[in-house]
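Encoded as structure tokens, the structure appears first; notes follow it.
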Amino acid sequence: MDEKKAAAEAARLRAEIGRHDRLYYQDAKPVIADEAYDALMRRLRELEAAHPDLATPDSPTRRVGGAPTKKFPEARHLPPMLSLENTYSAGEVREWGERCRKLLPKEDFRYVVELKIDGLAVALTYEHGLLVRGATRGDGEHGDEITNNLRTIRTVPLKLEGREVPGRLEVRGEAFLSREAFRLINEDQEAADEEPFANPRNAAAGSLKLQDPALVAHRHLDLFVHTLAAIEGLPVATHAEALDLFESLGFKVNPHRKRARSLDEALAYCAKWEKERETLPYDIDGMVLKVDSFEAQRRLGATAKSPRWAIAFKFPTPQARTRLREIAVQVGRTGVLTPVAILDPFPLGGTTIGRATLHNEEEIERLGVRAGDLVIIEKGGEVIPKVVGVVPGNRSGSGKAFRMPLLCPACGEPVTKPKGEVAVRCSNPACPAQVKLAIEHYCRREAMEIEHVGEALVAQLVDAGLVKDVADLYDLTREQVAGLERMAEKSADNVIEAVRASRKRPLAALVYALGIRHVGTRVAEILTRRYKTLGSLMKASREELTGIHEVGPIVAASIHAYFRCPQVRRMVARLGDAGVNMKRTKEEAPVSDALAGKTFVFTGELEGYTRPEAEGLVRKLGGNASGSVSKKTDYVVAGPNAGSKLKKAQTLGVTILDEAGFKKLVA
Ligand code: IVH
């Protein structure tokens, strides 16, 4: 295809994908199926791979194309990113209103009231409509430049929409995770046996700090824009107008906002949201009140820390008191024992709460809680509420100090505390608690997607002795399932059908479904890019696995040990006999695997490609691009003005290519 035709098609695809992104992510009204969307993306990737100079910075393929960084460059904030003064009562908000009125006695104040999103402040800069910089708040004066990470957020426009676009625009907003995205991240963390995040805010912060944009893209961050920092070329007089303008430029602005004529009206809106906060799919920690007129804002000015024209009205963290019935011990999928507080159920923050986390023995000691105590429970952003203290003088006297059991509460086998680990584990692979969770994990949507098989049914199947490991699922008969309690014929059919259908799941889903420690969905995908079949993954040596970019020694050791276990090998063989797919599907294969397993580092200037373009090309051909040279590097591509990376490559004896050599290699 000639350049011109390709360019026209790429432009058309970009516009089309942009439209669908907006319909899907902002309006929640998708008009095409995921497959059709993926096909558009695939076609655009192909075009850009074949014609590298077509890869414009605003291309949707760029959302995940950036290279990993070792350290983020510094971003200076002009004007500085201030924070808000906090208030905790209507009275304090009225005092703020009085202060404003004293400073500007003639002003007819209007306010805009918004939700205070519990996320992280970021700044986005656009020049001639293109996103050129994204940064964290940092200390307010200097943050981290994380443009490539922010690009992965689907609601951040890479290119502004509309006929009139400001020459330069800087907006500020809040990057956050919905409760659902947070739940998925933590499921993934737990599946990979990593420490879960305490709340969506921490998970969002952890995600933005990731050094590899491809990992960030997996976290499904979102962003509401809430502040105009600088604009050139378009007149805007009020904050309300600015928010409307943001929307017309393609930003996501929180729809729950109100222009109020008085503080009474503003406070009524705050009260409404304090009651209804749980109906939102994300966390808010209060409301923000802003003076609407920019002229009035300018005249009110700011203190060193915060503007005088805005104030935060924070909601209290919901707390409640209840009786702690007992401290139970739960066994996780990988055998870790955790203490949980079993409580007298009570309502808090929109849900009924009957359990709370107690983390570990040390935490219980620190809090000094015992069974029978009246305890204080708090529910911040966390999914699981926590015990934050004991109400003094309420000890019933019956409770003994808690000790971790020496035998697993689920199977009665002795527990172990491996050296160097804090966790106490049950290492009996046949422990029913672990077996049940392993099967539930196998059936999850991100894994083998076996609908109708959830916690309750798995418990029944295991307790009835019908299923001892995941391979047994494929031997289940309709009669066996229908014979279980509360199981109608129709639903038994559904179960059998869902199990059958799971045999066609892609290889990455199977690798994840096995529940190998430290292997979440992301690692499973990386492994699938390298290995065409489960058999070849099973044979991989520890050294070979460690050699894969993004697979560290702990993960490699875990995968290697898992497949050495005779029980596992028998189970995998039975899965194969049952017809479960163990090969990479067409969709999973890289566009080409010409560079499969090869790691590239670019240094110095390139003429024909930008750095992200060259790295994107390597990935499309199945290779990896890294920011630093090590023994794992296969090629260093060095252009003019190459620096220390070239020297290091020479010392390590890594193959060095110039740009022409690289072009030849990828041709
Ligand atoms: S306006 C001068 N509006 O709350 C700061 N902030 O310290 C102007 N936040 O880090 C901020 N939701 O990122 C504003 N609707 C909203 C907000 C909001 C959340 C964050 C903001 C800042 C913190 C307050």
Side-chain angles (χ1 to χ4, degrees), residues 75 77-88 92-93 96 100 111-124 134-144 146 150 153 155-156 170-178 199-202 204-205 208 221-231 236 238-247 251-260 266 269-270 272-274 277 280-294 296-315 317 380-381:
H77 296 304
L78 271 174
M81 290 179 80
L82 301 178
S83 58
L84 293 169
E85 191 190 326
N86 288 331
T87 60
Y88 298 89
E92 283 179 274
V93 172
W96 166 73
C100 292
Y111 308 93
V112 175
V113 193
E114 296 166 14
L115 305 181
K116 188 168 183 305
I117 311 297
D118 199 5
L120 288 118
V122 298
L124 298 168
T136 61
R137 176 172 182 274
D139 63 7
E141 305 251 354
H142 313 268
D144 287 336
I146 52 160
L150 290 172
I153 304 179
T155 45
V156 169
E170 181 169 332
V171 296
R172 289 167 185 177
E174 207 71 4
F176 69 98
L177 283 164
S178 69
N199 54 48
R201 188 175 188 284
N202 288 1
L208 283 181
L221 286 154
D222 206 341
L223 191 137
F224 283 126
V225 164
H226 55 55
T227 302
L228 177 64
I231 186 163
V236 232
T238 67
H239 178 63
E241 270 173 39
L243 295 179
D244 292 343
L245 173 70
F246 295 159
E247 270 180 346
F251 291 103
K252 178 159 165 171
V253 179
N254 196 290
H256 307 299
R257 56 185 196 257
K258 186 181 178 74
R259 206 162 172 216
Y269 194 65
C270 295
K272 164 186 151 72
W273 278 109
E274 181 170 358
R277 62 193 288 198
L280 294 165
Y282 44 81
D283 287 344
I284 60 173
D285 59 342
M287 303 295 284
V288 182
L289 287 85
K290 300 172 182 176
V291 168
D292 191 24
S293 150
F294 282 153
Q297 286 189 6
R298 193 188 57 75
R299 285 165 59 211
L300 287 168
T303 67
K305 281 198 208 124
S306 42
R308 290 197 189 86
W309 47 262
I311 197 126
F313 182 8
K314 299 261 277 188
F315 296 148
T317 306

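If you read the sequence from its start, that first residue is 1, and numbering goes on from there. Basis for what follows: all heavy atoms, side chains included, without hydrogens, waters or symmetry-related copies. Counting starts at 1 for both ligands and their atoms, in listed order.
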Problem - Passing option when Glu114 is tested against His239, Lys258, His226 for side chain to side chain donor-acceptor pair (under 3.5 Å) - result: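 Considering His239, Lys258, His226, a side chain to side chain donor-acceptor pair (under 3.5 Å) with Glu114 is found only for His239.
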Exercise for the section: Describe, in one word, how the ring planes of Phe224 and Phe176 are oriented to each other, choosing from parallel (under 30°), tilted (30 to 60°) and perpendicular (over 60°). Expected result: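 Judged by the thresholds at 30° and 60°, the geometry between Phe224 and Phe176 is parallel.
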Handout entry: Step-by-step side-chain contact (heavy atoms from CB on, under 4.5 Å) determination, Leu228 to Phe294
Key = CA-CA 10 Å; Leu228 177 64; Phe294 282 153; 3.9 Å; yes
Handout entry: Sub-4.0 Å heavy-atom contact, Leu115 with ligand 1
Key =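 For ligand 1, residue contact (heavy atoms, under 4.0 Å) with Leu115 is present.
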Problem - For atom 6 (N) of ligand 1, the option (of His226, Arg172, Lys305, Glu85) bearing the nearest heavy atom - result: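 Going through His226, Arg172, Lys305, Glu85 one by one, His226 has the nearest heavy atom to atom 6 (N) of ligand 1.
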Exercise for the section: Going by heavy-atom distance to atom 19 (C) of ligand 1, choose the closest among Val253, Ile284, Val113, Ile117. Expected result: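 The nearest heavy atom belongs to Ile117.
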Problem - Test item: Thr136 side-chain N/O and Asp144 main-chain N/O as donor-acceptor pair under 3.5 Å - result: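 Yes: the side chain of Thr136 pairs with the backbone of Asp144.
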Exercise for the section: Please confirm whether the backbone N or O of Met81 pairs with a side-chain atom of Arg137, one donor and one acceptor, at under 3.5 Å? Expected result: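 Yes; at least one donor-acceptor contact below 3.5 Å.
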Would you check whether [X] has a nitrogen or oxygen atom less than 3.5 angstrom from a nitrogen or oxygen atom of ligand 1?
X: Glu114; answer: yes
X: Pro307; answer: no
X: Lys116; answer: yes
X: Glu174; answer: yes
X: Lys290; answer: yes

Practice task
For ligand 1, indicate whether the residue Thr227 contacts it via side chain, backbone, both or neither (heavy-atom separation under 4.0 Å).
Solution key: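 For Thr227, the contact with ligand 1 is made by the side chain alone.
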Would you tabulate the side-chain donor-acceptor contacts of residues 302-311 under 3.5 Å, counting partners in other chains and residues two or more places apart, or write 'none'?
unit_1 : atom_1 : unit_2 : atom_2 : d
Thr303 : OG1    : Lys305 : N      : 3.3
Thr303 : OG1    : Ser306 : N      : 3.1
Thr303 : OG1    : Ser306 : O      : 3.1
Arg308 : NH1    : Leu300 : O      : 2.8

Exercise for the section: For Ala121, counting its heavy atoms only, list the atoms of ligand 1 lying under 4.0 Å from any of them. Expected result: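 The list of qualifying atoms is 10 (O), 13 (O).
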Handout entry: Those atoms of ligand 1 less than 4.0 Å from some heavy atom in Ser83
Key =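 So the atoms of ligand 1 that pass are 7 (O).
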Practice task
Before accepting this row, confirm whether a basic side-chain N of the pair Asp292/Arg259 lies closer than 4.0 Å to the acidic partner's carboxylate O.
Solution key: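 So Asp292 pairs with Arg259 through a salt bridge.
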Practice task
Take Asp118 and Asn199 through the side-chain contact (heavy atoms from CB on, under 4.5 Å) test and state the conclusion after the steps.
Solution key: CA-CA 10 Å; Asp118 199 5; Asn199 54 48; over 6 Å; no
Handout entry: Protein residue, atom and distance nearest to atom 5 (C) of ligand 1, heavy-atom basis
Key =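 Of every protein heavy atom, Leu82 O, 3.5 Å lies nearest to atom 5 (C) of ligand 1.
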Handout entry: Residue and atom name of the nearest protein heavy atom (relative to atom 7 (O) of ligand 1), distance in Å to one decimal
Key =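 Checked against all protein heavy atoms, atom 7 (O) of ligand 1 sits closest to Leu84 N, 2.8 Å.
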Practice task
Using a distance threshold of 4.0 Å (strictly less than), state whether atom 22 (C) of ligand 1 has a protein heavy-atom neighbour.
Solution key: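 No, because not a single protein heavy atom sits under 4.0 Å from atom 22 (C) of ligand 1.
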Practice task
Looking only at non-hydrogen atoms, find the nearest pair between Asp285 and Lys314 and report the distance.
Solution key: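 Closest approach of Asp285 to Lys314: OD2-NZ, 3.3 Å.
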